[in-house]
Amino acid sequence: MKSYQEFFAELKRRRVFKVAGIYGIVAFGVLQAADLMLPRLGLPDWTVTFMVALVVLAFPVALLLAWAFDLTPEGMKRTDTAAPGEIEGIMAAPASQRWPAGLLALVGVLLLVGSTWWIARRTAPAPSSRTAAADVRLALAEAAEDDRPSLAVLPFVNMSADQDQEYFSDGITEEILNTLARVRELKVAARTSAFAFKGRTVDMRAVGDSLGVQYLIEGSVRKADDQLRITAQLIDAADGTHLWSEQYDREMNDVFAIQTEIAEAIARQLRVPLGLEDAAALVTPTADLEAYDLYLAGRANIRHRGAALREARALFEAVIARDSTWAPAWAGLAEASELSTWYPQAWDVRLQDGLEEAREYAGSLMDESVRAAERAIELDPGIASAYVALGSVARNRRQWERSEQAFLSAITLDPDNAEAHQQYSEMLGNMGRIAEARVASARALGVDRAPVRLLNRAGVLWEDGEPEAALDLLSEAFALDSEGTLYQLGWLWQEINIELGRYDDIFVHAFADWPEARRDSLLEAFRSQDPNFLPAEYADRTLLGGVSLYLAMGRKDLALEAIDGFYRSWPTGNFGMLWVPEFDSIRSEPRFQAILRDMNLAGRTVQRTPR
């Protein structure tokens, strides 16, 4: 009994208890400050872990130093041995003098242990069978390397009496798809690919083969006032058997809970973990159901592209006016604003009014997109679409490093986000990193075989020296784009055929609305290589008006003038055109190099796929 009392008395005499208490209290404050401040300073996540490890490892060192040394007015000195009777005096002191030092040490140790446990628990990754590093590798991997269970959500049938509610059933389909996409252990086909089967009676096995998925989800939506009925069923695409089905009869305010329950049920059936502590985190709800209805209408207008993007912006602004703290609405506004810069039909100004006014207007749309995206991320740091908008605006403004960081953030958050992969592909192509753009465009097309993804992939293949493969994809895209929304398809089709010298083929998908005389004049210009035959309207219907013809004539001066004029005047530009093989012969020209400098691409060289 006496031996341990003597040891504690020695610890008190050497001020070890005091050092332990003060160290723990100071360490608690330091760790709390580090946990709050370091992430906000933009430092890597590991800096907080490093601080915790440093503080914990230094604790026993501090105790050893307290045991061995005393801090005196003359400096640090080794602690003398106890004087005769000194230990006995400490032991004989009343409890009121002996206990405070021990209690101080206990409080210090508890604070140190508690703060360490709290930070370790808060920063630990959510339970999942994949690590964060694996998520990054998955996000950037080839589609064939992805071995997760794959599924597609087919358009839910609108069973409401009011057929105008179709946007609602389509929106619910997209919301369920987005909810399932947050389950990292599932590979979910993009909405555009699945919606190609809307209104069609087809064999489920054929649908699965076409979309390249193992499972399909189909269902219906019936909305009557504030009552909602949603049915959903999971189908094995290999043989068409039904694996699970459920009917949900609820009030409208339960719409978000239904989405979560469907995701949970699908995950259970496919035996994959949600990867979240709370399943409710799969959905970001709003308490304002009218705002949710407006949001679904806004998403529908984004899907239509073109002039509908103006209405989409107005709808998202109306949602924000009703619920300014709902992140998806801000992200939707960011997405619609950035996309609008590419569709003059969605502008409040006309190109005919002058390019300077058009540039200013496009700039205001990009400013609006950035503000909305930053607000969305402030409300929900995990919202990938907001990072896509930031990356796209930075790319349009030639801020290449900032753009790439934003796209990688989006892809890491949502590895199956086809829009993120496509926009990242375009950024890589704009920088001349064609081989990397090829990988990203394949990933986007693997998730979503939509016309806009085919257009992106075709452009990359052209830049990579495969014009025939690019034309094949464009033919597929034209067949899918029945409404002619993507005017860029015609632009790319004519540019590639001009490069190949197939002038008659240009009219298969371009200039179909021109009178025969004008088309004959254009053909004569190409065949004779005489720009005097070019119709005046031609410059308005091509990306780089006449540059292919000028290069064929050996007129590098006119070609460079056309390229320079396009990139200096157009509000937004696809800089990937700078790296097409057709321009290899003029890329070393001083004027071309000056264009690259203006595009913040000085010193860059094209990096195509090795042959």
Query - Chi angles and distances behind the side-chain contact (heavy atoms from CB on, under 4.5 Å) call for Q227, E251 - result: CA-CA 5 Å; Q227 297 298 309; E251 294 183 352; 3.6 Å; yes
Report task. Start with the C-alpha distance between Q405 and Y387, add both sets of side-chain angles, then the distance that settles side-chain hydrogen bond (donor to acceptor under 3.5 Å, both in side chains), and finish with yes or no. Result -> CA-CA 9 Å; Q405 290 174 349; Y387 287 100; over 6 Å; no
**Report entry** Residue pair R229, Y248: steps toward the side-chain contact (heavy atoms from CB on, under 4.5 Å) verdict
**Finding:** CA-CA 6 Å; R229 169 176 288 180; Y248 302 87; over 6 Å; no
Query raised in the report: Checking side-chain contact (heavy atoms from CB on, under 4.5 Å) for the pair R604/R433: CA distance, chi angles, key distance, verdict?
Result: CA-CA 9 Å; R604 292 214 63 88; R433 295 159 61 181; 3.4 Å; yes
Requested in this report: With side-chain contact (heavy atoms from CB on, under 4.5 Å) as the test, would you mind laying out the steps for L228 and F168 before giving the verdict?
Outcome: CA-CA 11 Å; L228 186 65; F168 186 84; 3.8 Å; yes
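No donor-acceptor pair closer than 3.5 Å links the side chain of D448 to the backbone N or O of A444. Side-chain N or O atoms of S150 include one that pairs as donor or acceptor with a backbone N or O of Q214 at under 3.5 Å. With hydrogens and angles ignored, the 3.5 Å screen pairs a side-chain donor or acceptor of T173 with a backbone N or O of S169. Between the side chain of S441 and the backbone N or O of R438 there is at least one donor-acceptor pair closer than 3.5 Å. Side-chain N or O atoms of Q259 include none that pairs as donor or acceptor with a backbone N or O of I176 at under 3.5 Å.
The shortest distance between side-chain heavy atoms of L365 and R313 falls below 4.5 Å. Looking only at side-chain heavy atoms (C-beta outward), F316 and R299 come within less than 4.5 Å of each other. Between L315 and I302 there is no side-chain heavy-atom pair separated by less than 4.5 Å. Considering only heavy atoms from C-beta on, L428 stays 4.5 Å or farther from V439 through its side chain. Counting only heavy atoms from C-beta outward, the side chains of Y292 and E175 approach each other to under 4.5 Å. Residues F407 and V388 meet the side-chain proximity criterion, which asks for heavy atoms closer than 4.5 Å. When side chains are defined from C-beta on, D288 does not count as touching W326, because their heavy atoms never get closer than 4.5 Å. Looking only at side-chain heavy atoms (C-beta outward), V370 and L390 come within less than 4.5 Å of each other.
Take R371 and apply the side chain to side chain contact (heavy atoms under 4.5 Å, CB included) test, not counting sequence neighbours, and it matches D367, E368. Residues that satisfy the salt bridge (charged side-chain N to carboxylate O under 4.0 Å, His left out) test with K18, not counting sequence neighbours, are absent from this structure. Applying the side-chain hydrogen bond (donor to acceptor under 3.5 Å, both in side chains) test to S245 and every residue at least two apart in sequence or in another chain returns nothing.
The minimum heavy-atom distance linking V61 with L57 is given by the pair CG2-O, 3.7 Å. Across all non-hydrogen atoms, the minimal contact from A389 to S369 is CB-OG, 3.7 Å. Here the shortest heavy-atom pairing between V255 and I172 reads CG2-CD1, 3.6 Å. Contact detail for A437 and S425: the closest heavy-atom pair is O-OG, 3.1 Å. Taking both residues in full, the closest heavy atoms of L216 and G208 are given as CD1-N, 4.2 Å, listed atom of the first, atom of the second, then distance. Across every non-hydrogen atom of A410 and A420, the tightest pair is CB-CB, 4.1 Å.
For the atom pair CH2 of W244 and CD of Q233, the computed distance is 9.0 Å after rounding to the nearest 0.5 Å. The CG atom of D236 sits 11.5 Å away from the CD atom of Q269 when rounded to the nearest 0.5 Å. Between atom CZ of residue R443 and atom CD1 of residue I411 there is a gap of 8.5 Å, rounded to the nearest 0.5 Å. Within the model, atoms CG of D380 and CH2 of W330 stand 14.5 Å from one another, a figure rounded to the nearest 0.5 Å. Taken to the nearest 0.5 Å, the OG atom of S392 stands 7.5 Å off from the CG atom of L339. The CD atom of E378 sits 4.5 Å away from atom CZ of R375, with the distance rounded to the nearest 0.5 Å.
Other residues, nucleotides and ligands place more than 12 heavy atoms under 6.0 Å from the CZ atom of R397.
Residues R322 and E290 are not paired through a salt bridge, judged by the lack of any N-O separation under 4.0 Å between the basic side chain and the carboxylate.
Ring pair F59/Y23 is tilted by interplanar angle, where 30° to 60° counts as tilted.
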